[in-house]
Amino acid sequence: DAGITQSPRYKITETGRQVTLMCHQTWSHSYMFWYRQDLGHGLRLIYYSAAADITDKGEVPDGYVVSRSKTENFPLTLESATRSQTSVYFCASSESGRGASTDTQYFGPGTRLTVL
Amino acid sequence: KQEVTQIPAALSVPEGENLVLNCSFTDSAIYNLQWFRQDPGKGLTSLLLIQSSQREQTSGRLNASLDKSSGRSTLYIAASQPGDSATYLCAVTQGGSEKLVFGKGTKLTVNP
């Protein structure tokens, strides 16, 4: 019963490097989401996906790229990391996303990213 | 733009007390409202989901209510325990969207 996992759990990188954060879920949920959590801002949506090969921007998409070739995976790439992208990143998934009782989002444990 | 506010930002109570956490949102056109719990250094755990057509949901010692027209929700915790200490977040799914908009949370401390 793995649920939703994220890797790595901790990452330190340098400004300008490309970084990919991985997210994997075992429930075959249609929807997957990427959030960042920062003090003073709370949780903010970066990108989300309603199904394989369907992605859409959230509130703070600049500097990030996502893909979803398989239902169970939703990687997030920082193309050229900046210090402002230092944050805790959470991946989440849900069975549905438009008002059903199955909209409940299940969160991964998070990835703490530091950009030096 | 939907804004979700949680007041107070922090709350400290003695063990055994019944308590209420508040959440307000500016746009009543929502699909649902969810309450989450976050322990330090951990991810979020879903507690309750209230659909827009519902007034309340209950799970154990937790009861969440929703008044969509006034843009308010409350999370009632009965007989609080030290293990309830965590940050509680509410979030709404905006109508016409799959996106969750989060409040900044209420940090609850229950003292033994």
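Hydrogens, waters and symmetry mates are skipped; everything else that's a heavy atom, side chains included, is used. Not measured: the values here are computed from a predicted model. The chains referred to below are lettered A, B, ... by the order of the sequence lines, with proteins before strands, and numbering in each begins at 1.
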Hphob cluster co-occupancy, [X] + [Y], side-chain heavy atoms under 4.5 angstrom:
X        : Y       : result
A/Met22  : A/Tyr31 : no
B/Leu48  : B/Leu33 : yes
A/Phe107 : A/Trp27 : no
B/Leu75  : B/Leu66 : yes
A/Phe74  : A/Leu45 : no

Heavy-atom count around [X] [atom1] within 6.0 Å, excluding the residue itself: above 12?
X        : atom1 : answer
A/Leu116 : CG    : yes
B/Arg72  : CZ    : no
B/Arg61  : CZ    : yes

Nearest non-hydrogen partners of [X] and [Y], listed with the distance:
X        : Y       : result
B/Leu100 : A/Tyr35 : CB-OH, 3.5 Å
B/Lys99  : A/Tyr48 : CE-CE2, 3.5 Å
A/Gln105 : B/Gln34 : N-OE1, 3.3 Å

### Query
What residue, out of A/Ala92, A/Cys91, A/Gly40, A/Gly42, has the most heavy-atom pairs lying under 4.5 Å from chain B?
A/Gly40
### Task
Counting only heavy atoms closer than 4.5 Å, note whether A/Leu43 contacts chain B via side chain, backbone, both or neither.
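For A/Leu43, the contact with chain B is made by backbone and side chain together.
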## Note on the structure
The interface call for A/Phe33 against chain B, heavy-atom contacts under 4.5 Å, is side chain
### Query
If we only count heavy atoms from C-beta on, is the A/Phe90 to B/Gln38 side-chain gap below 4.5 Å?
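Sidechains of B/Gln38 and A/Phe90: in contact.
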### Task
Taking the side chain as every heavy atom from C-beta outward, state whether A/Asp103 and B/Leu49 have any atom pair closer than 4.5 Å.
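When only atoms from C-beta onward are counted, B/Leu49 and A/Asp103 do touch, with a gap below 4.5 Å.
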### Side chain / backbone / both / neither for B/Gln57 at chain A, heavy atoms under 4.5 Å
neither
### Message
Quick check on the structure: residues of residues 6-15 of chain A within a heavy-atom distance below 4.5 Å of chain B, by number.
### Response
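Residues in range: A/Arg9.
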### Summary
Contact list (residues 56-67 of chain A to chain B, heavy-atom gap under 4.5 Å, by number) returns A/Lys57, A/Glu59
